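Just so it is clear, the model here is predicted, and its values are computed rather than measured. In what follows, every heavy atom counts, from backbone to side chain, and hydrogens, waters and symmetry copies are set aside. When a ligand or atom number is given, it counts from 1 through the structure's own listing order.
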Amino acid sequence: MSARLIPFQLFPDQASTVAPRVDALLFFLLGVSGFFALLIAVLIVYFGIKYRRRPGNEVAVQIEGSNRLEIAWTIVPLALAMVMYVWGAGLYFRLYTPPPDALEVTAVGKQWMWKFQHITGQREINELHVPVGRAVKMLMTSQDVIHSFFVPAFRVKQDVVPGRYTGIWFQATKPGVYDLFCAEYCGTAHSAMIGRVVAMEPNDFQQWLAGGTEGSPAAAGAKLFQDLGCVTCHTGGAQARCPQLPGLFGRTVSLTDGSTVVGDETYIRESIVNPGAKIVAGYQNIMPTYQGLVTEDQVLELIAYIKSLGAQGAEATTP
Ligand code: CUA
């Protein structure tokens, strides 16, 4: 136990690859703000004394402006603001562009807990195990109200919104147990919607992952696909009554109204709960809604199944 100068932790651990970058930008913004706040306060006092009214000096001298001064106080703040903009935008893109080899974990927020599932099938509640040194990409939704996934030690925060998927990614840099908070007021027990992220050495993580007994989400999705009867319409090649699903994920889909949509998680989810919203060109609006018949976890399993169908049969939905 090392003695601390202050009896509390002023800043959370820096435990992800982006954490030092976020902190550097924060300190730059604080530094610039602090410098100007101090400069202005000092000048107010200094000018207040220097130019105070004195006997025999009752009328102020009018100064009609100075181009050099005006150019300076335009260019300097502009340059500072552009530095903040470019720096912040670069960091934003980094935070929202997961590396292609990132490990995917799905999350469903609900009043008042976090539910996670790993690609191998392992489920967790209010606890998320991740490996150190490997990018982890979260695919998240909510089954009721807006929540927000916030891991201060990783400097990542992302809202979790019902009816659509949001994402964030991080790469833990040191093993440990870190706080997970809900950072959006979501009802009575919002403050109790807390959990922990356990960052483990890659070998320990593999061992932990191997301890699970659940099947993969894709396998569960395949079973649902049979049980819900999806299979009766969505198979049968080009003659089938409904669009074929192999190769759908990530592809651009043409719709009856002439527009197109990318076959991502949000589109697939909408097509399950509100099938009439976007009809694939060449097909009829005949699919019943599965709203209320499938949980958010099951929708994620169906999506995992459709993803697992890969890019084979990519011609299938062309009429
Ligand atoms: Cu969930 Cu606040």
Side-chain angles (χ1 to χ4, degrees), residues 8-16 18-19 22-23 26 88 91-92 95-96 98 102-119 121-130 135-172 176-200 212 214 217 220 264-270 272-274 290-304:
F8 58 89
Q9 204 175 355
L10 198 56
F11 278 90
D13 288 331
Q14 283 184 341
S16 78
V18 299
V22 173
D23 288 358
L26 173 71
L91 196 54
Y92 178 88
L95 277 168
Y96 286 92
L103 202 64
E104 191 171 281
V105 177
T106 58
V108 177
K110 62 167 284 192
Q111 287 167 323
W112 288 279
M113 64 173 76
W114 294 102
K115 300 188 288 184
F116 300 104
Q117 189 172 28
H118 294 265
I119 203 88
Q122 241 104 327
R123 289 180 187 283
E124 306 189 69
I125 287 181
N126 289 343
E127 201 167 61
L128 173 61
H129 288 76
V130 294
V136 176
K137 171 171 81 169
M138 306 298 299
L139 176 67
M140 309 188 288
T141 191
S142 166
Q143 66 179 63
D144 38 48
V145 299
I146 299 178
H147 304 277
S148 190
F149 177 87
F150 179 32
V151 184
F154 293 170
R155 309 293 192 275
V156 292
K157 181 163 78 166
Q158 172 60 50
D159 276 10
V160 172
V161 184
R164 69 155 114 153
Y165 293 102
T166 54
I168 192 84
W169 77 276
F170 53 80
Q171 181 171 325
V177 179
Y178 306 107
D179 289 323
L180 162 65
F181 296 121
C182 175
E184 178 78 39
Y185 180 69
C186 56
T188 323
H190 156 72
S191 62
M193 190 168 165
I194 50 180
R196 45 193 218 138
V197 178
V198 183
M200 309 169 90
E214 297 101 330
D264 60 6
E265 289 95 352
T266 297
Y267 167 67
I268 296 173
R269 183 188 177 282
E270 182 187 53
I272 294 169
V273 300
N274 185 13
Y290 283 81
Q291 180 106 56
L293 299 177
V294 284
T295 64
E296 290 298 340
D297 303 77
Q298 289 176 319
V299 173
L300 281 166
E301 288 170 348
L302 286 166
I303 291 172

Asp297-Gln117 side chain donor-acceptor pair, cut-off 3.5 Å: no
Does Glu296 form a salt bridge (Lys or Arg N to Asp or Glu O under 4.0 Å) with Arg269? I'd like the steps, not just the answer. CA-CA 9 Å; Glu296 290 298 340; Arg269 183 188 177 282; 2.6 Å; yes
With side chain to side chain contact (heavy atoms under 4.5 Å, CB included) as the test, pick out the partner of Met140 among Ile168, Val105, Leu300, Val161. Ile168
Under the side-chain contact (heavy atoms from CB on, under 4.5 Å) test, which residues partner Tyr92, sequence neighbours left out? Tyr96
Give me the protein N, O or S atoms that fall under 2.8 Å of atom 2 (Cu) of ligand 1, sorted by chain and residue number. Cys182 SG, Glu184 O, Cys186 SG, His190 ND1
Go through the structure and list residues passing ring-ring contact (aromatic ring centres under 6.0 Å, His included) with Tyr267, not counting sequence neighbours. none
Residues in ring-ring contact (aromatic ring centres under 6.0 Å, His included) contact with Trp114, at least two apart in sequence or another chain: Phe149
